[in-house]
Amino acid sequence: MHRAAKAILSALVLVGVAGAVSAVWVSHAVKREVEAPITTLNVNGQTGKSLIVHHPGLTGFQEQVTAAFAEGLAQSGWRVDRTTASRQAPSDVSGYDLIVLGSPVYGGAAAVPLRDYIARVADFQGKPVALLLTAAGDADDAMEATAAAVTTERGKVVARLGYTTMRPNKAAATYSGSNSERAVAMARDAARALAPRAGGS
Amino acid sequence: MGTGASALAVAGHVLTAARVASAAPILTWAGAGHGRWAAGLLAFAMLTDLADGPLARRYGKPSRAGAWFDVWADFLVVAAAFTGLALAGTIAFWPLAAVVASFVGFLATPGVDGGIYDPVGRYLGAILMAAAAGMLWSQDLLLQQWLATTAGLVCLATTCVRLGFAVRIAQPRSGASCAPPKGSRSVSPSR
């Protein structure tokens, strides 16, 4: 075989092997539950008690957006319990006044651990639920599907917040910095704006 | 004919320079969330990569400096795209680290090409540019994670192969002075 053809074939085989290994690892990683203890912000918050359950994803973006949202809630006087979507997360939400569910969007849907968590809760008891999704380009379909799942489990969706990495987040004129910095600032402000409405419901 | 040929040879360098110049906007647009603008510019950079080498070989005098200019241009564009994607929160930082490691490995082992068979390394720039363009164009985190992980693994594999061969090539020289001659007995320095 010609040397150049041999080299190209070898490169294709090696890239193919790397692609296959990567496909197996990524499909496992996005479905894997990440266990984390509950951390609490603003323990003596008077506005109400909120629970944030999120899937952190494979990059730090969801974590940053969720942390900013938690800060916004705490600044508005909420006590914030935060954990990841795993079997360790509380499935009894009766002690909370607001539930926040967060996840990256993979293949047009929220990550499997968050969907499993919603199914495990089974009854949100009519409590207000805020959805906090991050996507590359468009979180709309995943938002609709997640909202429908929450509604089916008797949750009342009070906010649908989607932030993107490869499409400019809205309100560019209001916020400065990179796209991810804008998303973080927007999430913090959205939590501040959400607080009185959700608390009153 | 001579003037036209030299103009085409210069055009090769201009194309490489254009690739270098595209790195900054690719980084800026990727970080600002304009993924598809950055993907379009990266596609242009890939075209310049296809054209500059043949122009230089056909109409000019291929030089070592020109080859290094081409390598650095590829690295800058790829690094800009991966950095923008990482800053945007689309991919993790480890694939970017793997890209940098592979380039550092390439710089550290310039003399081993005659001794190693590295088919991936030869096409690494094109592979990484294609992966970056796919990530910038895609609107799906799952596909982006797969492309980033694949690119990172390819870079790590290439780096390991190059460094492994470099060590093997270097070993006989250093080993010759340390290893005792065949048939000799080892003597402890304390005795």
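Values in this document were obtained by computation on a predicted structure and should not be read as measured data. Quick note on labels: first sequence line is chain A, next is B, and so on, each numbered from 1.
One finds the CH2 atom of B:W146 at 10.5 Å from the CE atom of B:M135 (value rounded to the nearest 0.5 Å). Between the OG1 atom of B:T158 and the CG atom of B:L124 there is a distance of 5.0 Å, given to the nearest 0.5 Å. The structure places CG of A:D141 at 11.5 Å from CG of A:L133, a figure rounded to the nearest 0.5 Å. To the nearest 0.5 angstrom, B:Q144 atom CD is 10.0 Å from A:Y106 atom OH. Going from atom CE of B:M129 over to atom CG of B:L136 covers 12.5 Å, rounded to the nearest 0.5 Å. To the nearest 0.5 angstrom, A:D97 atom CG is 5.5 Å from A:W78 atom CH2.
When heavy atoms are compared at a cutoff of 4.5 Å, A:S178 approaches chain B by way of both its backbone and its side chain. At a 4.5 Å heavy-atom cutoff, the contact between B:Q145 and chain A is made by backbone and side-chain atoms alike. Only the backbone of B:S138 comes within contact range of chain A, judged by heavy atoms closer than 4.5 Å. For A:A23, the parts lying near chain B are the backbone and the side chain together; criterion is any non-hydrogen pair under 4.5 Å.
Side-chain atoms of A:Y96 and A:D81, non-hydrogen and from C-beta on, do get closer than 4.5 Å to each other. Considering only heavy atoms from C-beta on, B:V100 stays 4.5 Å or farther from B:F103 through its side chain.
The residue among A:Q64, A:M166, A:R167, A:Q62 with the most heavy atom pairs within less than 4.5 Å of chain B is A:M166. Of the listed residues B:A32, B:G35, B:G31, the one with more heavy-atom pairs under 4.5 angstrom with chain A than any other is B:A32. The most heavy-atom pairs under 4.5 Å with chain B, out of A:S22, A:G137, A:G177, come from A:S22. When each of B:L147, B:I91, B:L156 is checked for heavy-atom pairs under 4.5 Å with chain A, B:I91 comes out on top.
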Subject >> Chi angles and distances behind the side chain to side chain contact (heavy atoms under 4.5 Å, CB included) call for A:L194, A:F69 >> reply: CA-CA 10 Å; A:L194 172 77; A:F69 195 86; 3.6 Å; yes
**OP:** Test A:V157 against A:T151 for side chain to side chain contact (heavy atoms under 4.5 Å, CB included), laying out the working first.
**Re:** CA-CA 7 Å; A:V157 177; A:T151 305; 4.1 Å; yes
Original post:
Should A:T83 and A:Q88 be marked as a side chain to side chain contact (heavy atoms under 4.5 Å, CB included) after you check the CA-CA gap, both sets of side-chain angles, and the distance that decides it?
Top reply: CA-CA 9 Å; A:T83 188; A:Q88 287 188 342; 5.8 Å; no
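Residues of residues 70-87 of chain B that come within less than 4.5 angstrom of chain A, heavy atom to heavy atom, are B:L85, B:L87 in numerical order. Interface residues of residues 26-41 of chain A toward chain B, defined by a heavy-atom distance below 4.5 Å and sorted by number: A:V26, A:V30.
The pair A:R82-A:E63 meets the salt-bridge criterion, with a side-chain N (NZ, NE, NH1 or NH2) lying under 4.0 Å from an Asp/Glu carboxylate O.
Side-chain polar atoms of A:Y175 and A:D189 form a donor-acceptor pair below 3.5 angstrom.
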